[in-house]
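So the structure is just underneath, and the comments pick up after that.
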Amino acid sequence: MYADIIVDISQEQLDKTFQYRIPPELENEVQIGVMVQIPFGRGNRLLTGYVIGIGSTPKIPAEKIKDIDSVSQSGIQAVGRMIQLAAWLKKQYGSTMNQALKTVLPVKEKVRQKEKKTVRLAVSKEKAAEYLALYEKKNAVARVRLLKALCKTDENGLDTAVLKEQYQITTQTIQALEKQNVITVETQELYRNPVRETAPGQERLILNEAQQKAVTQFCTQFDAGERKPWLLYGVTGSGKTLCYIEMIQHVTAQGKQAIVLIPEIALTFQTVQRFYRRFGSQVSVLHSRMSKGERYDQFLRAMRGEISIMIGPRSALFTPFTNLGLIIMDEEHEGAYKSEQAPRYHARETAVHIAKMCGAGVVFGSATPSVEAFYRAKKNEYTLLELPRRASGTLPAVYTVDLREELKCGNRSVFSRRLQELIQRRLAAKEQIILFLNKRGYAGFVSCRMCGHVLKCPHCDISLTEHKNGKMVCHYCGYEQPRVTRCPVCGSKYISGFRAGTQQIEEAVKKMYPQARVLRMDMDTTAGKEGHEKILAAFSAQEADILVGTQMIVKGHDFPNVTLVGVLAADMSLYAGDYRAAERTFELLTQAAGRAGRGRQAGEVVIQTYTPQHYSIAAAAAQNYEQFYEEEIAFRSIMDYPPVCNMLMVTLSSKNEEQLLAACTFLKEVIPEWKKEQVRITGPVAAGVYKRNDYYNQVVYLKATAYEKLTACKDRLETLCRENTLFRSIGLQFDFN
DNA sequence: AGCACGCCGACT
DNA sequence: GTCGGCGTGCTC
């Protein structure tokens, strides 16, 4: 048997696997994730490596393969565990081992950032000049370059990175001169602490009855060794964060560490601040804007036990704590918890798996739990903890407005009469308003009003979007072309963008309420580094009366002075063409409604819609999650969608359309025999976006009750792709559920 | 990263 | 000829 071993993940040139023979006496001990000592290089110096795969076929001539020296039992277990986790990700979600390793260990790259090596002269300038003359005479050009560079700079010396890049100095030269005591090399480890210093322990902590009950139940069960995940279902504004804080307090007091997952850090900085205030420097944050080096620093700090709480997006799951006790996943229903790249893992399942590996607990929290999570809670796979009431104040009153009726009555504006009236009243009362457009910013296709021709991207087969700079852009591949003034098909002048973005709403508001101060939040206005925070802070400081925005304004913010939320077109997300559209609509409406009336004054919500009878809108208006859930789970059962079953979408892509179609025809013949194994198969069919980035795409959908059936199918497809020449040019992508 | 190999100018 | 130094490529 042979083992694939990764030698040193910190070195880019060694970022590949090496195959070693497993001696018979070690066969039981060598497993994926285990740390081993291996002879490496000509000198056979013993290095530490990690086993990332085991197989029986040598990939290079067998005589070149050396034996594994020994298995190290000790060492940093956390890293081994991460590698085991990578193997699990690969198996569960489909990817290469390399991709899986890269998601789990954002380590490599820029290790030199962690160690700064500074080179200084160890002798006087005069002496240095002597050496310089000597080396010049000896034609030791590299040493001359190095000395000249050092003489030019002051006693602060030069960084090795600078020397290597600007002066083409190699490590050997530096080492040689160091040996001769001409220069000194000083290494210092540096890492930045992203935590802004805030005084800990100031927050007043009074749990209300429901919160106390939930926290106590968690603590009792946790201490009793119960490790079934908990689902904290609490309506908007019920104080889930406070519960998390207490739970973490309980677990960290036992010397364990905690990971707090949040969907997107920029959108939840208020939450993060609360953790700082409570736990101070024990907390670290993983920022999406952080460089790889900075992230690596945070992982190091976690591994060394310098911090005990890590807050961050889904990648924070892979923090190598040595004694992990608790994983908290806030806003569990968020789409951001699913990775967009292979391995396309979902943080929910991965968190459960990690917790199992470490003996830790998992707490999911949401005001609108995903159908999956609630389904599991119903099946008693999760323990349900409830916070049925707001911590302060009551839930807002919700009105649904039928836009068809408005139109019949001659109201053509984007605001219904109800909404207009309420806005007027809030402005007078100096209270704040949020207007939510259920759609991303300026986007809109460009069509000819005469012939109906729609402009499309030549590479991607999807409609182009008009941008404010006058260009037309493809969102998938970035293709750009100038705006057209005449229809390329019929020559008509009546061609223009279909505009219904936040910018239009903002203009309409300004026209109708000239006295109001308006802020807009969408992709355009948040482009800057801290765009989100700036706008949110300004609105929070009541520098504006009305905030207009898309999805991003409704997520988890706390503005006590907002008493009116207007949802301008609730149906916009209803026909997105995937089985989660209704769920997403309900979620957005509920979350949006949850922004109103969080302070002393009661709040009101207006939902404008063309389909008030749709169950997701009706349930959101009634603010009744269970009502929605019952309807939705019935729909999923009838249609056979997750969570009732498991689903796998396989995308086959190729630049060569013929080969792609040939492979699909082959699949159509082969696949039916898989159906014996209780796997339901549709396709292959052309993907929604058939051509993207010059790649043609076909998709196959597989459904099965047991998840393992699908992973088995995934493996079969992978082998097929590797071994069958028909699949030479074809790439596979897997997407579960 | 560390190590060896091959190349090149300088020195005895 | 030989020696010291440099750059490159490989490591299962």
Side-chain angles (χ1 to χ4, degrees), chain A residues 1-24 26-27 30-32 34-72 76 79 83 96-98 101 105 107-117 119 130-150 159-161 163-183 185 187 189 292-293 296 300:
Chain A
M1 292 294 274
Y2 302 94
D4 292 322
I5 290 170
I6 201 131
V7 175
D8 185 347
I9 35 177
S10 65
Q11 223 42 55
E12 266 170 273
Q13 287 117 307
L14 291 177
D15 180 21
K16 55 174 177 174
T17 61
F18 294 92
Q19 225 176 6
Y20 280 82
R21 195 175 292 104
I22 306 174
L26 290 179
E27 238 160 48
V30 175
Q31 290 154 10
I32 289 176
V34 164
M35 198 202 275
V36 290
Q37 298 295 118
I38 40 160
F40 191 73
R42 296 188 187 251
N44 282 334
R45 65 209 157 92
L46 280 184
L47 286 187
T48 302
Y50 294 94
V51 178
I52 64 165
I54 291 172
S56 53
T57 40
K59 290 168 201 158
I60 58 159
E63 62 273 14
K64 286 182 81 178
I65 300 181
K66 298 177 188 172
D67 283 13
I68 293 177
D69 179 83
S70 59
V71 175
S72 11
I76 311 151
V79 177
I83 284 161
T96 64
M97 193 61 196
N98 246 354
L101 279 172
L105 303 164
V107 185
K108 40 197 125 149
E109 290 180 48
K110 309 258 172 112
V111 160
R112 76 182 123 95
Q113 282 231 325
K114 126 201 126 159
E115 268 190 350
K116 194 179 159 191
K117 286 190 185 177
V119 180
E130 278 177 36
Y131 276 110
L132 190 60
L134 177 69
Y135 291 136
E136 249 167 358
K137 207 171 149 216
K138 282 184 157 187
N139 204 30
V141 283
R143 294 178 186 194
V144 169
R145 280 199 306 270
L146 174 58
L147 275 184
K148 272 192 179 164
L150 280 177
D159 200 293
T160 45
L163 285 174
K164 278 177 186 159
E165 274 159 44
Q166 289 180 21
Y167 300 94
Q168 280 104 38
I169 302 294
T170 55
T171 326
Q172 292 108 305
T173 316
I174 295 171
Q175 278 171 345
L177 287 201
E178 194 186 6
K179 235 182 222 164
Q180 296 182 23
N181 295 320
V182 185
I183 57 168
V185 180
T187 62
E189 288 191 19
K292 293 223 168 152
Y296 182 64
L300 262 192

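Chain naming here is simple, since letters A, B, ... match the order of the sequence lines and numbering starts at 1 in each.
- Using modelled atom types, no side-chain atom of A:Y20 and backbone atom of A:V51 make a donor-acceptor pair closer than 3.5 Å.
- Atom-to-atom, CG of A:L46 to C1' of C:dC12 comes out at 15 Å; the value is rounded to the nearest Å.
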A:V36 vs A:V71, test: side chain to side chain contact (heavy atoms under 4.5 Å, CB included). Steps then yes/no. CA-CA 4 Å; A:V36 290; A:V71 175; 4.1 Å; yes
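- Following rounding to the nearest Å, A:F40 (CZ) and C:dT11 (P) show an atom-to-atom distance of 8 Å.
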Considering only nitrogen or oxygen atoms on both sides, find all protein atoms under 3.5 Å from nucleotides 6-10 of chain B and state each distance.
| residue | atom | partner | partner atom | Å |
| --- | --- | --- | --- | --- |
| B:dG9 | O3' | A:N139 | ND2 | 3.4 |

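- Residues A:I83 and A:L101 are in side-chain contact: their nearest non-hydrogen atoms beyond the backbone lie under 4.5 Å apart.
- Atom C1' of nucleotide C:dC12 and atom CZ of A:R21 are separated by 10 Å, given to the nearest angstrom.
- Between A:R42 atom CZ and B:dA1 atom C1' the separation is 15 Å, expressed in whole Å.
- Residues A:Q37 and A:L47 fail the side-chain proximity criterion, which asks for heavy atoms closer than 4.5 Å.
- Across all strands shown, A:R143 has heavy atoms under 4.0 Å from sugar-phosphate atoms exclusively, and none from any base.
- Atom pair A:L47:CG and C:dC12:C1' shows a separation of 12 Å (rounding to whole Å applied).
- Residues A:I5 and A:I68 meet the side-chain proximity criterion, which asks for heavy atoms closer than 4.5 Å.
- Taking every heavy atom of residues 59-69 of chain A and every atom of DNA chain C, pairs under 4.0 Å involve A:I60, A:K64, A:I65, A:K66, by number.
- Atoms CD1 (A:I52) and P (C:dC12) sit 16 Å apart, rounded to a whole Å.
- Distances from the side chain of A:A142 to the nucleotides B:dC3, C:dG7, C:dC12 place C:dG7 closest.
- Legend: salt bridge (charged side-chain N to carboxylate O under 4.0 Å, His left out) pairs involving residues 57-67 of chain A, not counting sequence neighbours, sorted by first then second residue: A:D4-A:K59, A:R21-A:D67.
- What separates CZ of A:R45 from P of B:dA4 is a distance of 10 Å, to the nearest Å.
- Atom CG of A:N44 and atom P of B:dC3 are 12 Å apart (whole Å).
- From A:I32, atom CD1 reaches atom OH of A:Y50 across 15.5 Å, with rounding to the nearest 0.5 Å.
- The CZ atom of A:R45 lies 9.5 Å from the CD1 atom of A:I38; values are rounded to the nearest 0.5 Å.
- Side chain of A:Q19 to main chain of A:A62: no donor-acceptor pair is present (N/O by atom type, distance under 3.5 Å, no hydrogens or angles).
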